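To start, the structure itself, in structure tokens.
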Amino acid sequence: MSDTRIEDFTLPSTGGDFTLSAATRPLVIYFYPKDSTPGCTTESAAFRDLNAEFTAAGATVVGISRDSLKSHQNFKAKLELPFELLSDPDETACALFGVMKMKNMYGKQVRGVERSTFVIGADNRILREWRGVKVPGHAEEVLAFIRTL
């Protein structure tokens, strides 16, 4: 259990404005680099496929990337995601969670979102975090943790 608290924030989402302090707990926030890319599609589909189990365990899942709301709406519709996607073009939440990193892409250094997941409990406290996530089996690992709460 962490004592790290995340400052409250509000971002536009596919379901209207999302405010961290108003969200249901526990809250699973997964940060991903870009809508409709292979890894992000696979990760989002994994959270989608387990969403009923997250809900049954009392957790809410949301995804965050720097993509526009329009891009999120298309991505959500295409994958039939049952949870909201938050748009963070100004990197407000990305900065609070420290997920912006320099990455190698095709031999070039680029600044982007490091695939990361956080479980947030009462008082905006981080209960668990995963950084540099590898997609296969990740959503299942997060669900297993949620079930221990």
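What you are looking at is a predicted structure, and each value in this text was computed from that prediction instead of being measured.
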Q.
Side-chain heavy atoms nearer than 4.5 Å, only ILVMFWY residues, links allowed to pass through others: does that put Phe83 and Leu79 together?
A. yes
Q: Classify the side-chain pair Asp67/Ser65 by whether it contains a donor and acceptor separated by less than 3.5 Å.
A: yes
(Q) Does Asn104 form a side-chain hydrogen bond (donor to acceptor under 3.5 Å, both in side chains) with Gln109? I'd like the steps, not just the answer. (A) CA-CA 5 Å; Asn104 283 314; Gln109 284 281 316; 2.6 Å; yes
(Q) Any donor-acceptor pair under 3.5 Å linking the side-chain atoms of Asp35 with those of Ser71? (A) yes
Q) With distance as the sole test, does Asn124 use its side chain to make a donor-acceptor pair with the main-chain N or O of Glu7 at under 3.5 Å? A) no
**Q.** Spacing of CG belonging to Leu127 relative to CD1 belonging to Ile120, to within rounding of 0.5 Å
**A.** 7.0 Å
Q) Below 4.5 Å, heavy atoms only, C-beta onward: do Val119 and Val142 meet side chain to side chain? A) yes
Q.
Tell me whether Val99 shares a hydrophobic cluster with Ile6, the cluster being built from Ile, Leu, Val, Met, Phe, Trp, Tyr side chains joined at under 4.5 Å.
A. yes
Q | Straight-line distance of Leu81 CG to Gln73 CD, nearest 0.5 Å | A | 12.5 Å
Q) Tyr32 and Ser116: side-chain donor and acceptor closer than 3.5 Å? A) no
(Q) Taking salt bridge (Lys or Arg N to Asp or Glu O under 4.0 Å) as the cut-off, I'd like each qualifying pair that reaches into residues 101-114, sequence neighbours left out, listed once. (A) Glu91-Arg111
Q. Less than 4.0 Å between a side-chain N and a carboxylate O, is that true for Glu129 and Arg131?
A. yes
Q. Lys76 and Glu84: side chain to side chain contact (heavy atoms under 4.5 Å, CB included), yes or no, with the steps?
A. CA-CA 8 Å; Lys76 180 178 175 172; Glu84 305 307 333; 3.0 Å; yes
Q | Any donor-acceptor pair under 3.5 Å from Thr37 side chain to Gly39 backbone | A | no
Q. How many angstroms lie between CG in Leu20 and CG in Leu96, if you round to the nearest 0.5 Å?
A. 9.0 Å
(Q) To the closest 0.5 Å, what do you measure between CG (Asn51) and OG1 (Thr60)? (A) 8.5 Å
Q. With Phe97, which of Phe31, Trp130, Tyr30 fulfils ring pair (Phe, Tyr, Trp, His ring centres under 6.0 Å)?
A. Phe31
Q.
Tell me whether Arg66 contacts the main-chain N or O of Asp90 through its side chain, where contact means a donor paired with an acceptor under 3.5 Å.
A. no
Q | hydrophobic_cluster_shared for Leu11 and Leu69, side chain cutoff 4.5 Å | A | no
Q: Could you give me the CA-CA distance, side-chain angles and deciding distance for Val62 and Phe18, then say whether side chain to side chain contact (heavy atoms under 4.5 Å, CB included) is met?
A: CA-CA 10 Å; Val62 298; Phe18 172 94; 4.0 Å; yes
Q) Taking Arg125 for the side chain and Thr4 for the main chain, is one N or O donor matched with an acceptor at less than 3.5 Å? A) no
**Q.** Asp8 side chain vs Ser21 backbone, donor-acceptor pair below 3.5 Å
**A.** yes
Q) Taking the side chain from Thr14 and the backbone from Leu85, do they hold a donor-acceptor pair closer than 3.5 Å? A) yes
(Q) Main chain of Thr41, side chain of Ser44: is a donor-acceptor contact present, judged purely on distance under 3.5 Å? (A) no
Q: In plain terms, say whether Glu43 and Lys134 are close enough for a salt bridge, that is, a side-chain N and a carboxylate O under 4.0 Å apart.
A: no
Q | Contacts of Phe54 that satisfy ring-ring contact (aromatic ring centres under 6.0 Å, His included) - sequence neighbours left out | A | Phe47
Q: Treating Ile, Leu, Val, Met, Phe, Trp and Tyr as nodes and any side-chain heavy-atom pair under 4.5 angstrom as an edge, say whether Phe145 and Val133 lie in one connected cluster.
A: yes
